[in-house]
Amino acid sequence: MTKGWKWFFGISSLLFLLFAFWQINDPDPMWWVPVYLIAALTSGFAFFGKFSVNLLVFFTFSYLIAAVFFWPDNILGWIGEEWQQKDLSMKTTAMETNREFFGLTLSAILFALQAIIGRRKRLLENQN
């Protein structure tokens with residue numbers, strides 16, 4: 001694994017810890033804190049070169065399936081509302097739904113990247 005990927009996963013781990021912390025005041029923290037803690041934990045393991053590829057593939061598809069249930073109605077309208085609001089408070093349920101969709105999607109992308117890098121690492125180790 002290159003130094004760039006290592007730092008990417010380290011920074012991702014810290015960011016997802018921050019996301020989990022912000023979810024403590026969410027109306028349903030019992031769901032969203034663990035969602036982001038799992039992403040932080042897998043990123044932390046990836047930073048240290050530890051990958052469970054099968055588990056990462058499972059998380060990727062699980063989070064993508066969950067994201068489908070939060071599919072936004074109007075992404076551009078949501079971006080405009082966020083831009084006008086200029087803070088992170090939730091004014092509408094549509095804002096919360098859109099944020100949850102993007103959180104799940106971002107996590108799934110992160111899991112997929114970790115699975116790809118982990119698989120590549122495993123293949124290189126098996127060649128030697």
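Side chains included, hydrogens not; waters and symmetry mates left out as well; all remaining heavy atoms used.
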Pairwise side-chain contact, [X] with [Y], heavy-atom cut-off 4.5 Å (strictly under):
X     : Y     : result
Trp22 : Leu18 : yes
Asp28 : Met30 : yes
Phe47 : Ile11 : no

Show the nearest heavy-atom pair for residues [X] and [Y], with the distance to one decimal.
X      : Y      : answer
Ala67  : Thr105 : CB-OG1, 3.8 Å
Gly118 : Phe51  : CA-CG, 3.4 Å
Ile24  : Val33  : N-CG2, 4.0 Å

Rounded at 0.5 Å granularity, tell me how far [atom1] in [X] sits from [atom2] in [Y].
X      : Y      : atom1 : atom2 : answer
Leu110 : Leu56  : CG    : CG    : 8.5 Å
Leu64  : Ser107 : CG    : OG    : 10.0 Å
Trp71  : Leu104 : CH2   : CG    : 12.5 Å
Gln114 : Phe59  : CD    : CZ    : 10.0 Å

message: Listing request: all salt bridge (Lys or Arg N to Asp or Glu O under 4.0 Å) pairs with a residue in residues 109-123, at least two apart in sequence or in separate chains.
response: Lys121-Glu125
- request: Kindly indicate, with the supporting measurements, whether the criterion side-chain contact (heavy atoms from CB on, under 4.5 Å) is fulfilled by Val53 and Ile116.
  value: CA-CA 8 Å; Val53 176; Ile116 291 167; over 6 Å; no
Transitive ILVMFWY cluster of Leu123, excluding itself - 4.5 Å side-chain cut-off: none
message: Can you list everything that forms a ring pair (Phe, Tyr, Trp, His ring centres under 6.0 Å) with Tyr63? Sequence neighbours excluded, please.
response: Phe111
- prompt: With sequence neighbours left out, what residues match Phe70 under ring pair (Phe, Tyr, Trp, His ring centres under 6.0 Å)?
  reply: Trp32
message: Parallel, tilted or perpendicular, judged at 30° and 60°: which one describes the rings of Phe16 and Tyr36?
response: tilted
- prompt: Quick one: side chain to side chain contact (heavy atoms under 4.5 Å, CB included) partners of Phe45, sequence neighbours excluded?
  reply: Leu41, Lys50
Pairs flagged by side chain to side chain donor-acceptor pair (under 3.5 Å) wherever residues 4-13 is involved - sequence neighbours left out: none
